[in-house]
*Asks:* 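Structure in structure tokens, see below.
Both counts, for ligands and for their atoms, begin at 1 and track the order of listing.
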Amino acid sequence: MATQLIVDGTPWLILGGETANTASSDLAYMKTVWPQLARLNLNTVLVAIAWSWVEPAEGTFDFTLVDGLLDGARQNNLRIVFLWFGSWKNGISSFVPAWVKADQQRFPRVQIRSGRSIEVLSTLSEANREADTRAYVAFMRHLKEVDGRNRTCLMIQSQNEVGVLGDSRDRNAAANAAFAGEVPKDLMGHLSKQRAQLYPDLAGRWAAAGGKTAGTWEDVFGAGPATDEIFMAWNYARYMERMTAAGKAEYPLPVFTNTWIVQPEDRGPGDYPSGGPEPLTLDIWKAGAPSIDFNAPDIYLPNFTDWVGWFHRPDNPLFVPESRADAAGVANAFYTIGQHAGIGYSPFGIDNTSRMVALRPGPDTGAPDPKDLDNLPLPKGYALLRQMTPLILDAQAKGKIAAVSLSAEKQTQVVPLGDYEVNFEVRRNRRNPAEVPAPGYALVAAAGPDEYFVAGSDIQVTFTPRTPGPEIAGLAAIEAGRFESGRWIPNRQLSGDDVLLDYDLAGAAARNQSGSGLRFNPDGPTVQRVKLYRYR
Ligand code: DGJ
């Protein structure tokens, strides 16, 4: 039912974090960071490895950083995802070696409308593509040699947030010629075959231009910046397909891309990198880069739930490589993993978070107070997700898991799961139900008939039967507790004030409710097991 990341034969849930862009070029610094990341309850760290760091002179490779990073991770019982900062990092070619930067003749750049070139390597250059491919293949070959048995490195991110900035497309001579030519038959064939499944943005544009199955880019998709973006998506996808396929021939690790998603203030492609995998172009990427296993969104926007919904589809499992590390970030992690069978979650700049907290002096001694780390939202959230990982992975595989992320703007949500609808609501102040609620989140896994595990924070939960029989779901027994080695260890038997939502039993009965439900406090996520019974 779900596509999961399999590591050494077992599914793996990434409780991740990404270090700042250049942190991983400094092994001495990383030495101080690894233990902190382990303390934050991460199991996987996303670290950059740049083309310029491994091929400082053409044909001369130095993998000291790769080896040092693998060592540091292993010593701290962490796994790694390497981010290949090759031709592009946030659109720009800032991590290519100096010998590439210095030879614009040999390594052509994107040219924009003004006629100026920018510091972005052109996708329409075989020299660019093959130079990056040579370095990437050498890196993958080395990685297999030093890590093929240990599998410290789980996956590779290809490039970082690719696309043209400053214009909607490349306008150098090669790009103009390709743009004036026919849409490649491979792409037309894929789109025609997938016509019924295509995302509406793309399908709508194609249909509005007449639904032609051959012609130039503007014949098929109409003139305008969106067509430029579609054209760029194809060219980035082809370039990265070549690299990815060559890398996989050396060492077949899963490979993904990350996207700088369209921001509300963007006026069009070029304000955000034009050609990256966006909802408009995801189908183009699927056609152009079949070796890339999935395209992932970087999400710092508040409508997180919308964006993950747009990126998760049957041919695109969900992973969030960049997002937030605060309490809202924990809500994001729960939602990704619970509602979209996510492979994992990873806030950006994770080394900064841990460093800041670790450097804060403790009350008496002046030494770091370990509680500072334990009380941060992310380590708390990850600690619970870690405990629950076997249950979560099993429920993902069986399609028996769901999640919600609620706020003052969206205060309730009903999720069908198993024989019940699970009714989620932001946690109400019982004395003042009209009080503006805080955001709340939860994931729920069906554990058996009439039995659920719910984990969450600042939320309340009731159930409604969805099979024939008595209409009301009552709470037979509720336990708070924890998981140890996958086994449920109950501690408190919850009842009374713990579960009371509403003393108006007549009103509740009229709504087929008992007036009782699960309540989760605001101080970080906790987990409860509930057994239900039914009455009328
Ligand atoms: C998105 C990029 O992918 C990251 O490398 C980093 O630069 C962040 N933006 C900064 O917020």
*Asks:* Decide whether an N or O pair under 3.5 Å exists between Lys89 and ligand 1.
*Replies:*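 Such a contact does occur with ligand 1.
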*Asks:* Hey, can you tell me if Phe63 and Phe61 have their rings parallel, tilted or perpendicular (30° and 60° cut-offs)?
*Replies:*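 Parallel.
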*Asks:* How far is atom 1 (C) of ligand 1 from its nearest protein heavy atom, and which residue and atom name does that atom have?
*Replies:*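 For atom 1 (C) of ligand 1, the nearest protein heavy atom is Glu322 OE1, 3.0 Å.
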*Asks:* Please identify which atoms of ligand 1 are closer than 4.0 Å to at least one heavy atom of Phe348.
*Replies:*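 Counting from 1, the qualifying ligand atoms are 4 (C), 5 (O), 6 (C), 8 (C), 10 (C).
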*Asks:* Is there a donor-acceptor contact under 3.5 Å linking the side chains of Tyr272 and Gln263?
*Replies:*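 Checked: Tyr272/Gln263 side chains show no N/O donor-acceptor pair below 3.5 Å.
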*Asks:* Going by the order shown, which atoms of ligand 1 are within less than 4.0 Å of some heavy atom of Asn160?
*Replies:*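 It comes down to these atoms of ligand 1: 2 (C), 3 (O), 5 (O).
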*Asks:* Give the numbers and elements of all ligand 1 atoms closer than 4.0 Å to a heavy atom of Asp298.
*Replies:*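 Contacts of ligand 1 toward Asp298, numbered from 1: 3 (O).
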*Asks:* Ring centroid separation for Phe319 and Phe256, is it under 6.0 angstrom?
*Replies:*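 Yes, the ring of Phe319 comes within the 6.0 Å limit of the ring of Phe256, centre to centre.
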*Asks:* Does either side chain, that of Ser117 or that of Gln104, offer a donor lying less than 3.5 Å from an acceptor on the other one?
*Replies:*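 Yes, Gln104 and Ser117 have a side-chain donor paired with an acceptor closer than 3.5 Å.
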*Asks:* Might you confirm whether atom CD of Glu265 has over 12 heavy atoms from other residues, nucleotides or ligands at distances under 6.0 Å?
*Replies:*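 Enclosed: over 12 neighbouring heavy atoms sit under 6.0 Å from CD of Glu265.
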*Asks:* If you count the atoms of ligand 1 from 1 in the order shown, which ones are under 4.0 Å from a heavy atom of Glu161?
*Replies:*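 Answer for ligand 1: 1 (C), 2 (C), 3 (O).
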